[in-house]
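Predicted, not measured: the structure shown is a model, and the values here were computed from it. In what follows, chains are A, B, ... by sequence order, proteins preceding strands, each numbered from 1.
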Amino acid sequence: MAKHVRRRSNYRVPWLFALPAVLYMGAFLLYPLLSALRISFSEYNFVYSEKPIFNGLANYVQLFNDPHFIVSFKNTVYYTLVFFPLFMLLSLFLALLLNTKIKGTNIFQAAILLPIVVPLSLAGIMFTWIFSQDFGIVNHILANVLHLPHLQRFWLGDVETAMNSLVVVGLWKYVGFGIILFLSGLKAISEDIYEAAKVDGVNAWQNLIYITLPNLKSSFSLVGIWGIIQAIKVYDQVVVMTNGGPGTATSVLYLYAWKNAFTFFNMGLGEAIAFFTAALAIVVSVFFNLVFKSEKR
Amino acid sequence: MSKKMRVLSLVGLLMLSLVMSAAAMAAPKTLKVTAEAWYFNKYEMEEAARRFQEDHPDVDFEWSKAGDFEVAPLMLAWSRDRYIADLVIVASPSEAVAFQARDLLLSFDDVLVGEYAKENWLKGFLDQCTIGGQVYALPSDAEVMTLIGRRDFAEEAGLTDDEGNIIMPKDFDELYSFLEQLTIKDSSGKTTRYGMTVNWSPEYTHYVYFSGLQAMRGSIFDENGALDFSSDEALELLTFWQKGVEEGLISTSSLVDHSGPRNDMKSGLAAILWEDHARVIEIGQVVGQDKMQIVKIPGADVNGTVSYTMSLMIPKNAAHPELAKAFVLEQFNAEWFAHDLMDRWGKLLGLKSNIESRLDDPIWETVFELADNSVGLPKTVDHAKMVDIMTAEIHNMLKMQQTPSQTLANIRQQIQPLNLEPIE
């Protein structure tokens with residue numbers, strides 16, 4: 001009997017330790033999330049509506065009849081398609097470089113990781129000046145250093161270049177974190193494998209293809225999912241640098257969700273866009289994960 | 001407990017409650033002011049508070065600084081009857097409509113008497129703060145839309161009169177020829193100085209558009225009483241803008257940066273600015289006030305222009321509404337406060353007397369004329385949505401993705417489901 005009671009109390013102890021965290025998450029994460037989900041299925045203009053009125057899927061249906069939403073969706077997909085492969089390639093390439101035993105890699109590591117600690121809102125202002133049509137350093141270098149004045153652009157003001165400029169800023173900010181994740185994967189690969197391969201006469205390229213990359217699968221999965229989420233939830237640099245303009249050329253899903261909620265006061269539609277975006281990120285991440293898992297089998 | 005002890009306890013409790021009440025009465029009353037953070041840098045709020053405390057020593061101040069465009073979302077908490085502040089400064093009277101729709105605002109009517117009587121305020125500005133005949137907000141940053149020119153550049157181009165003043169263009173055709181003369185291009189055809197820079201940022205697009213219409217045709221409404229997106233003048237205005245951009249006469253720096261136009265002017269990259277009058281002071285502080293002149297939009301001399309005002313409101317659940325009203329009138333609209341704002345930032349408040357005492361300066365004389373002959377945009381439920389649509393469509397036109405007539409058609413089509421009925 002005493003043994004049974006002790007076993008039950010042992011069972012409770014871990015739950016008691018977890019209780020504060022569970023309560024915290026429930027109050028500040030789960031409850032707001034469920035509340036927001038409920039509002040996404042409601043007609044709720046927080047100025048003119050007394051309370052949210054359940055309207056089923058009407059907000060979600062309305063999204064697909066809203067040309068501004070469609071443009072924002074397309075822009076977000078475009079950003080993701082350009083950002084994601086570049087993010088993966090650059091992160092991997094730089095991680096491989098930093099993993100070599102060359103003098104001075106510590107300095108390069110610090111330099112590449114520095115953007116992580118700079119808030120994107122501040123970096124956005126800096127890049128606004130860098131990309132400025134008339135005073136920007138990019139145009140200055142093109143015209144006066146490289147003597148290619150015909151390549152000068154209004155980088156943030158031209159429909160063709162605005163979104164790509166935002167991708168550049170996103171890469172500047174996030175590649176450092178991708179490098180950290182890949183570097184940790186690279187450090188985890190046993191030196192013995194490379195030693196054995198060396199004995200077998202394997203060259204550097206074969207090392208990369210047959211040893212390094214296959215052993216980085218879990219890192220690919222982790223960096224990939226992280227990169228996809230960062231791309232789909234792009235917001236900060238858009239707000240600071242273009243505010244969705246010119247026109248709707250850089251309007252993205254989270255910006256449009258924010259506008260609906262806090263500028264048009266249409267909280268129901270705003271929440272619907274936010275949940276749609278979150279669902280999009282989850283679906284793409286799960287798909288990405290499945291691809292890597294199936295390859296593993 | 002004995003009877004004696006019970007009596008003693010009762011007396012003790014009584015004494016305690018008396019002491020607590022006295023302490024509460026002696027405690028300072030805190031007046032909480034919420035506004036966007038830049039407001040506290042440009043406006044002498046600390047000094048106003050200090051002067052107010054001289055007459056009201058029991059008052060303390062608390063400044064609550066919000067990010068740009070973050071004041072309105074506070075309404076979410078406010079509408080749940082949660083105390084936010086005693087004074088709130090928001091972006092436009094259309095937001096006041098939103099607040100008042102939830103019956104969240106106190107009327108100023110009871111204190112607008114004597115020297116503060118309604119007739120002593122610039123009508124155009126006060127009208128914008130009036131809902132259903134009652135004043136629910138007071139102008140806190142009132143401005144008129146106009147052109148601002150560089151005299152020195154105009155003189156180089158031969159566009160000044162004998163006294164060195166910039167010649168007022170008679171119509172938009174003449175203004176266009178002015179821009180051609182003011183624009184400088186390098187050997188490769190790249191513009192090195194624009195004739196004009198226009199603020200087409202989301203904060204200004206609707207104001208510059210309607211100021212152009214008001215100046216051209218004396219109204220911002222069409223023949224059906226709706227906001228005008230169909231008249232010949234509307235088409236002429238958009239064509240003027242698009243052609244100017246296409247030919248490199250007008251800068252598009254504002255498409256992604258709302259400070260772009262004033263920076264164009266400060267750096268000498270543009271000769272004329274189309275924005276609010278206040279920039280004349282801000283730019284003058286950089287390039288020299290003697291080089292700056294307000295130039296009326298062609299037609300504004302007769303038809304007037306558009307004005308706007310940020311507005312200051314008192315929530316119904318303010319802790320100290322009477323003190324808040326007293327602060328607004330005694331300090332916020334005091335001559336010293338108004339003149340400091342005018343001198344440093346070119347911004348106006350609403351009382352006529354504060355601008356009348358500065359009419360010896362030609363800049364303020366012109367601004368007064370314009371303010372007196374200006375109209376505000378109607379307050380509507382879907383104002384923000386309309387501005388968003390206008391901005392996107394006009395930007396698309398300026399990027400040569402559509403013609404001016406397509407732009408107007410797109411705007412007309414997209415605003416159709418919106419509620420743009422003016423709220424009187």
**Request:** Answer yes or no: is there a donor N or O on one side and an acceptor on the other, between the side chain of B:H395 and the main chain of A:G247, under 3.5 Å?
**Result:** yes
**Item:** Portion of B:T192 that has a non-hydrogen atom of chain A nearer than 4.5 angstrom
**Value:** neither
**Prompt:** At what distance, to the nearest 0.5 angstrom, does NZ of B:K190 lie from CG of A:D134?
**Reply:** 5.5 Å
**Message:** Please determine whether the number of non-hydrogen atoms from other residues, nucleotides or ligands lying under 6.0 Å from atom CH2 of B:W38 exceeds 12.
**Reply:** yes
**Item:** Reported OG-to-CG distance for the pair B:S201 and A:N243, which is rounded to 0.5 angstrom
**Value:** 9.0 Å
**chain A contact via B:Q401 - which portion, at a heavy-atom distance below 4.5 Å** = side chain
**Request:** Compare all side-chain heavy atoms of B:D388 with those of A:K259 and state whether any distance is below 4.5 angstrom.
**Result:** yes
**Prompt:** Taking only heavy atoms into account, what residues of residues 156-174 of chain A are found under 4.5 Å from chain B?
**Reply:** A:L156, A:G157, A:D158, A:V159
**Request:** Supply the atom-to-atom distance B:L255 CG to A:F154 CZ, rounded to the nearest 0.5 angstrom.
**Result:** 5.5 Å
**Asked** Of all the residues in residues 67-80 of chain A, which have a heavy atom that comes within less than 4.5 Å of a heavy atom in chain B?
**Response** A:H68
**Message:** With rounding to the nearest 0.5 angstrom, report the CZ to CG distance, A:F135 to B:N263.
**Reply:** 7.0 Å
**Region of B:K385 in contact with chain A, defined by heavy-atom distances below 4.5 Å** = both
**Prompt:** More than 12 heavy atoms of other residues, nucleotides or ligands under 6.0 Å from CD of B:Q406: is that the case?
**Reply:** yes
**Message:** Is it true that, when you exclude A:M126 itself, more than 12 heavy atoms of the residues, nucleotides or ligands shown sit nearer than 6.0 Å to its CE?
**Reply:** yes
**Request:** Report, as yes or no, whether the 6.0 Å neighbourhood of atom OH on A:Y31 holds more than 12 heavy atoms from other residues, nucleotides or ligands.
**Result:** no
**Asked** Can you tell if the side chain of B:V256 reaches within under 4.5 Å of the side chain of A:F131, non-hydrogen atoms only?
**Response** no
**Asked** If you measure from CD on A:Q133 to OG1 on B:T252, what distance do you get to the nearest 0.5 Å?
**Response** 5.0 Å
